[in-house]
Amino acid sequence: MPELPEVEVVRLGLAEYVVGRTLAAAEVRHPRSVRRHVAGELDFVARLAGRTIWAARRRGKYVWLDLDADCTCGEVLLAHLGMSGQMRIQPPDAPAETHLRVRLGFADGGPELRFIDQRTFGGLSVEDAVAGVPAPVAHIARDPMDPSFDLDAVVAGIRRRRTGLKRALLDQTLVSGIGNIYADEALWRARLHWAKPTATLTRAQGRSVLAAATEVMTEALAAGGTSFDALYVNVNGASGYFDRSLAAYGQGGRACPRCGTAIRRESFMNRSAYTCPRCQPRPRHPHP
DNA sequence: CATTTATCCTGTAAGC
DNA sequence: TGCTTACAGGATAAAT
């Protein structure tokens, strides 16, 4: 599932292959993939034709391409990969992928940009940027790799909440970029349980779990991301290999790399939470 | 207001 | 074998 490291790998690919090029015709093959473009499919296509891509940027799990030289107040092509979205660079004559949703051709006739998305939770839209950030991203907190990320402020924000620790880590308005995989890995590294009430979190524990999240996402980025179920690939179709380094996520029944105890899978918010029962003891009063 | 839950979607895999 | 069911889960609207 694309979280910060996977989206950053995609951003790097976009920076390499499409920045500096000028868009020609766009083709929307599935309306759901542009549903966030409120002015509709035709307007989406019309707004892209002839536009030059000036930069590829990211915040959390959102990635966008600047369509105006002045990035502080121009338009951008905003993308969210959702669960299964992929950005691929392909020759224009390459056969259509099974879940090809949007094709973006270029005026130079070179490789085109394709948005492929099996589950269609992701999508593209053209948005106005305000102070350099697309409007739908304005409420998304800075991520741990942002130079302006304020760790102590985020720890304070988490401790102000009245919820469970993992819920807070997944809340993109507190800190962005962390999804289910890296939340479980960060909690495992910090030896904290997902149901620990944020009210009982010390400042040191808060700093520890965020440092762990930053560390594990940095390592995952260096490995090209995590391709847990082969739905995540880079712009050239290659998988990342950080899944081999996961200690907790998806490891139910397997030995904890630290103490050998079997990793436990629990139900959490209609999904899963993986913990080591020994390294991450359940809090006395767990938050549901 | 703060917090939690249901919903969107499709392919894979497990269970009967 | 073939059908049904559970599961994967990011963001947000709706509910509490």
Side-chain angles (χ1 to χ4, degrees), chain A residues 1-8 10 29-38 58-64 78-87 97-102 115-125 127 133-141 143 156-187 194-201 213 217 225-233 239-240 243 246 248-253 264-274 285-288:
Chain A
M1 275 43 71
E3 302 178 29
L4 186 154
E6 293 76 35
V7 180
E8 177 62 9
V10 169
R29 297 169 56 105
H30 197 309
R32 188 171 151 79
S33 295
V34 293
R35 68 190 179 284
R36 293 190 184 94
H37 188 90
V38 289
R58 181 189 58 73
R59 174 178 286 188
K61 303 169 193 171
Y62 285 89
V63 61
W64 64 90
L78 178 65
H80 197 291
L81 303 179
M83 288 280 303
S84 54
Q86 305 176 351
M87 291 287 200
E97 292 79 1
T98 308
H99 302 293
L100 176 59
R101 307 305 191 190
V102 180
F115 180 69
I116 300 154
D117 191 9
Q118 179 199 105
R119 297 175 199 168
T120 66
F121 278 29
L124 307 179
S125 59
E127 306 286 351
V133 178
V137 184
H139 69 291
I140 300 294
D143 61 66
I158 291 174
R159 296 177 75 238
R160 222 176 289 126
R161 282 296 185 84
R162 290 298 172 264
T163 185
L165 179 53
K166 184 170 173 181
R167 284 177 185 272
L169 291 174
L170 293 175
D171 185 338
Q172 306 296 302
T173 67
L174 282 173
V175 50
S176 70
I178 303 173
N180 209 34
I181 296 175
Y182 299 112
D184 276 0
E185 292 301 303
L187 289 164
W194 56 266
K196 182 175 179 60
T198 48
T200 69
L201 192 74
M217 291 196 293
T226 301
S227 300
F228 191 74
D229 57 5
L231 280 178
Y232 158 73
V233 295
S239 295
D243 58 302
L246 296 175
Y249 179 83
Q251 308 300 307
R264 176 200 293 154
R265 174 186 174 279
E266 288 169 289
S267 230
F268 164 80
M269 284 174 76
N270 290 325
R271 52 208 65 184
S272 296
Y274 295 90
H285 303 290
H287 191 285

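Note that the coordinates shown come from a computational prediction; the quantities given were computed from them, not determined experimentally. Any value given below was found using the heavy atoms of this structure, including those in side chains, with hydrogens, waters and symmetry copies removed.
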Asker: Are a donor atom and an acceptor atom from the side chains of Tyr62(A) and Ser176(A) found within less than 3.5 Å of each other?
Answerer: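 Side-chain D/A pair, Tyr62(A) to Ser176(A): absent.
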Asker: His80(A) side chain N/O closer than 4.0 Å to the phosphate oxygens (OP1, OP2) of dA11(C)?
Answerer: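 For dA11(C), OP1/OP2 do have a side-chain N/O of His80(A) under 4.0 Å.
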Asker: Without decimals, in angstroms, what is the distance between Tyr182(A) OH and dG10(C) C1'?
Answerer: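 Atom OH in Tyr182(A) sits about 15 Å away from atom C1' in dG10(C).
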Asker: Which nucleotides of nucleotides 4-9 of chain B have their base under 4.0 Å from a protein heavy atom (B), which only their sugar-phosphate (S), and which neither (-), written as one string 5' to 3'?
Answerer: SS--BB
Asker: Separation of Gln251(A) atom CD from dA8(C) atom P, in whole Å?
Answerer: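 Computing the Gln251(A):CD to dA8(C):P distance gives 14 Å.
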Asker: Return the minimal non-hydrogen interatomic distance between Leu81(A) and Pro2(A), and the atom names on each side.
Answerer: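 Heavy-atom minimum between the residues: CB-CG, 3.7 Å.
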Asker: Mind listing the closest non-hydrogen atom pair of Ala138(A) and Val133(A) along with its distance?
Answerer: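 Shortest heavy-atom contact: N-CG1, 4.1 Å.
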Asker: Run Lys166(A) and Asp184(A) through salt bridge (charged side-chain N to carboxylate O under 4.0 Å, His left out) and show every step you take.
Answerer: CA-CA 8 Å; Lys166(A) 184 170 173 181; Asp184(A) 276 0; 2.7 Å; yes
Asker: Starting at atom CG of Asp117(A), determine the distance to atom P of dG10(C), rounded to an integer number of angstrom.
Answerer: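 It works out to 13 Å between those atoms.
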Asker: Taking OP1 and OP2 of dT3(B), is either one under 4.0 Å from a side-chain nitrogen or oxygen of Arg161(A)?
Answerer: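 So the side-chain polar atoms of Arg161(A) do come within 4.0 Å of the phosphate oxygens OP1 or OP2 of dT3(B), strictly under.
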Asker: Rounded to the nearest Å, what distance is computed from the CG atom of residue Leu174(A) to the C1' atom of nucleotide dT3(B)?
Answerer: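 The answer, rounded to whole Å, is 12 Å.
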Asker: Just compare dA11(C), dA8(C), dG10(C) and give me whichever is closest to any side-chain atom of Gln172(A).
Answerer: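 The listed nucleotide nearest to Gln172(A)'s side chain is dA11(C).
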Asker: One thing to verify: whether Arg58(A) and Asp143(A) come together as a salt bridge, which I'm taking to mean a side-chain N less than 4.0 angstrom from a carboxylate O.
Answerer: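 Yes.
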Asker: Can you list the residues that meet the ring pair (Phe, Tyr, Trp, His ring centres under 6.0 Å) rule with His287(A), with sequence neighbours excluded?
Answerer: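 Listed in chain order: nothing, the list is empty.
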Asker: For the side chain of Glu3(A) and the backbone of Tyr182(A), is there at least one donor-acceptor N/O pair under 3.5 Å apart?
Answerer: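 A pair under 3.5 Å: yes.
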Asker: To the nearest angstrom, how far is Arg35(A) atom CZ from dG10(C) atom C1'?
Answerer: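 Answer to the nearest Å: 11 Å.
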Asker: For Glu6(A) and dG10(C), give me the distance from atom CD to atom P, rounded to whole Å.
Answerer: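 About 10 Å, once rounded to whole Å.
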Asker: Report which part of the nucleic acid Ser272(A) touches: base, sugar-phosphate, or nothing (heavy-atom distance under 4.0 Å, all strands).
Answerer: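 If one applies the 4.0 Å heavy-atom cut-off, Ser272(A) turns out to touch the sugar-phosphate alone, with no base involved.
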Asker: Is there a donor-acceptor pair under 3.5 Å between the side chain of Glu185(A) and the backbone N or O of Asn180(A)?
Answerer: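 Pair absent, no side-chain N/O of Glu185(A) close to backbone of Asn180(A).
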Asker: Going from CZ on Arg159(A) to CG on Leu165(A), what distance comes out if it is rounded to the nearest 0.5 angstrom?
Answerer: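 So the gap between those two atoms works out to 12.0 Å.
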Asker: What's the CZ-P distance between Arg160(A) and dA2(B), to the nearest Å?
Answerer: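 Checked: the CZ to P distance equals 11 Å.
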Asker: Whole-Å distance between dT3(B) C1' and Lys166(A) NZ?
Answerer: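 Those two atoms, NZ and C1', are 18 Å apart.
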Asker: Are any protein N/O atoms closer than 3.5 Å to N/O atoms in nucleotides 12-15 of chain C? If there are, list each pair with its distance.
Answerer:
unit_1  : atom_1 : unit_2    : atom_2 : d
dT12(C) : OP1    : Tyr62(A)  : OH     : 3.4
dT12(C) : OP2    : His139(A) : NE2    : 3.2

